[in-house]
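Predicted model only: the values in this text are computed from it and were never measured.
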Amino acid sequence: MARRQLNPNRVKIHRTYSVEEVADRLSVHKNTVRNWQASGLASIDDQRPTLFKGAVLKAFLQTKRQSIKQPCAANQMYCLKCRAPREPAGYAVDYLPISGTSGNLRGICGCCETLMHRRASLAKLKELEAIFDIAIQQEP
């Protein structure tokens, strides 16, 4: 099952939320919110119902989102099948122009042989040619 991204912007920073309100607002189960609390989401106090400050909840979600990001190095592209940054096989990629200033690099994952894509500006294409063997495709 694909993992869904939680949107921290759905949380208002000047409100307080109960466990049920957080679950409804973010479309997650109540137990997920309780698991977040066990892993570091701070509640206002130890009283019932458990309440969370909106600012604290939003910061927790933003930190959680940042911790799972995997930035690509200059010689890598992100493989959706492997769910990790990988080097394209043989460093051979195609450049597919989208507009006059940017396009997509397309390569094959060295591990699972799936197509990988990476956005690249035309201005940075010279830098990338030092890393990749780029074949420029013409628009159909």
Side-chain angles (χ1 to χ4, degrees):
M1 181 196 276
R3 186 169 37 180
R4 191 174 37 85
Q5 288 289 326
L6 297 172
N7 187 357
N9 294 330
R10 293 192 45 97
V11 176
K12 307 301 178 207
I13 61 171
H14 297 295
R15 284 201 57 205
T16 57
Y17 294 96
S18 67
V19 172
E20 292 78 15
E21 289 171 334
V22 172
D24 287 342
R25 174 134 323 238
L26 298 173
S27 301
V28 296
H29 196 273
K30 293 184 297 186
N31 289 346
T32 301
V33 179
R34 290 185 183 110
N35 287 339
W36 291 344
Q37 186 179 11
S39 67
L41 176 60
S43 61
I44 292 175
D45 55 22
D46 293 333
Q47 303 293 319
R48 295 279 182 182
T50 304
L51 298 175
F52 304 98
K53 289 184 180 179
V56 173
L57 177 60
K58 187 171 184 171
F60 177 82
L61 293 173
Q62 288 171 335
T63 303
K64 188 173 182 58
R65 178 180 265 187
Q66 286 293 82
S67 70
I68 63 172
K69 286 193 174 189
Q70 299 178 22
C72 293
N75 64 340
Q76 294 177 326
M77 302 167 83
Y78 192 81
C79 179
L80 292 173
K81 188 172 181 182
C82 296
R83 292 185 180 231
R86 302 275 188 210
E87 297 171 354
Y91 288 98
V93 297
D94 295 330
Y95 178 78
L96 305 153
I98 295 174
S99 68
T101 59
S102 69
N104 280 335
L105 290 176
R106 180 177 63 187
I108 296 176
C109 178
C111 294
C112 67
E113 299 180 357
T114 302
L115 275 179
M116 300 187 302
H117 299 274
R118 176 178 173 172
R119 182 74 95 191
S121 69
L122 193 56
K124 291 208 172 198
L125 203 54
K126 289 290 182 198
E127 291 176 31
L128 294 172
E129 283 180 334
I131 300 169
F132 299 115
D133 180 21
I134 299 176
I136 299 176
Q137 303 292 316
Q138 299 301 320
E139 293 182 28

Connected via hydrophobic side-chain network under 4.5 Å: Val28 and Leu61 | yes
According to a 4.5 Å side-chain heavy-atom criterion applied to Ile, Leu, Val, Met, Phe, Trp and Tyr, with indirect links allowed, do Phe132 and Leu122 form part of one hydrophobic cluster?
-> yes
Side-chain contact, heavy-atom cut-off 4.5 Å: [X] with [Y]?
X      : Y      : result
Tyr91  : Asn75  : yes
Pro88  : Cys109 : no
Arg10  : Leu26  : yes
Leu41  : Leu57  : yes
Tyr17  : Leu51  : no
Leu125 : Tyr95  : yes
Gln70  : Tyr78  : yes
Asn9   : Val11  : no

Would you check if the side chain of Ser102 reaches a backbone N or O of Ser99 as a donor-acceptor pair within less than 3.5 Å?
-> no
Thr63 side chain to Ala59 main-chain N or O, any donor-acceptor pair under 3.5 Å?
-> yes
Where is the tightest heavy-atom contact between [X] and [Y], given as atom of each residue plus distance?
X      : Y      : answer
Leu105 : Met77  : O-CE, 3.2 Å
Ile13  : Lys58  : CG2-CD, 3.6 Å
Ala120 : Leu128 : CB-CD1, 3.7 Å
Gln76  : Arg118 : O-NH1, 2.7 Å
Pro71  : Pro85  : O-CG, 3.8 Å
Val33  : Ala23  : CG2-N, 3.9 Å

Around Lys53, counting heavy atoms of other residues, nucleotides and ligands shown, do more than 12 lie under 6.0 Å from its NZ?
-> no
Rounded distance [0.5 Å steps], [atom1] in [X] versus [atom2] in [Y]:
X      : Y      : atom1 : atom2 : answer
Cys79  : His117 : SG    : NE2   : 10.0 Å
Cys111 : Glu87  : SG    : CD    : 9.0 Å
Ile131 : Glu127 : CD1   : CD    : 8.0 Å
Asp24  : Lys30  : CG    : NZ    : 9.0 Å
Leu115 : Leu80  : CG    : CG    : 10.5 Å
Met116 : Lys81  : CE    : NZ    : 13.0 Å

Taking it one step at a time, do Lys124 and Arg119 satisfy side chain to side chain contact (heavy atoms under 4.5 Å, CB included)?
-> CA-CA 10 Å; Lys124 291 208 172 198; Arg119 182 74 95 191; over 6 Å; no
Verdict with supporting geometry, Leu6 and Arg65, side chain to side chain contact (heavy atoms under 4.5 Å, CB included) = CA-CA 8 Å; Leu6 297 172; Arg65 178 180 265 187; 5.7 Å; no
Derivation of the side chain to side chain contact (heavy atoms under 4.5 Å, CB included) call for Trp36 and Thr32 = CA-CA 6 Å; Trp36 291 344; Thr32 301; 3.7 Å; yes
With side chain to side chain contact (heavy atoms under 4.5 Å, CB included) as the test, would you mind laying out the steps for Val22 and Phe52 before giving the verdict?
-> CA-CA 9 Å; Val22 172; Phe52 304 98; 4.1 Å; yes
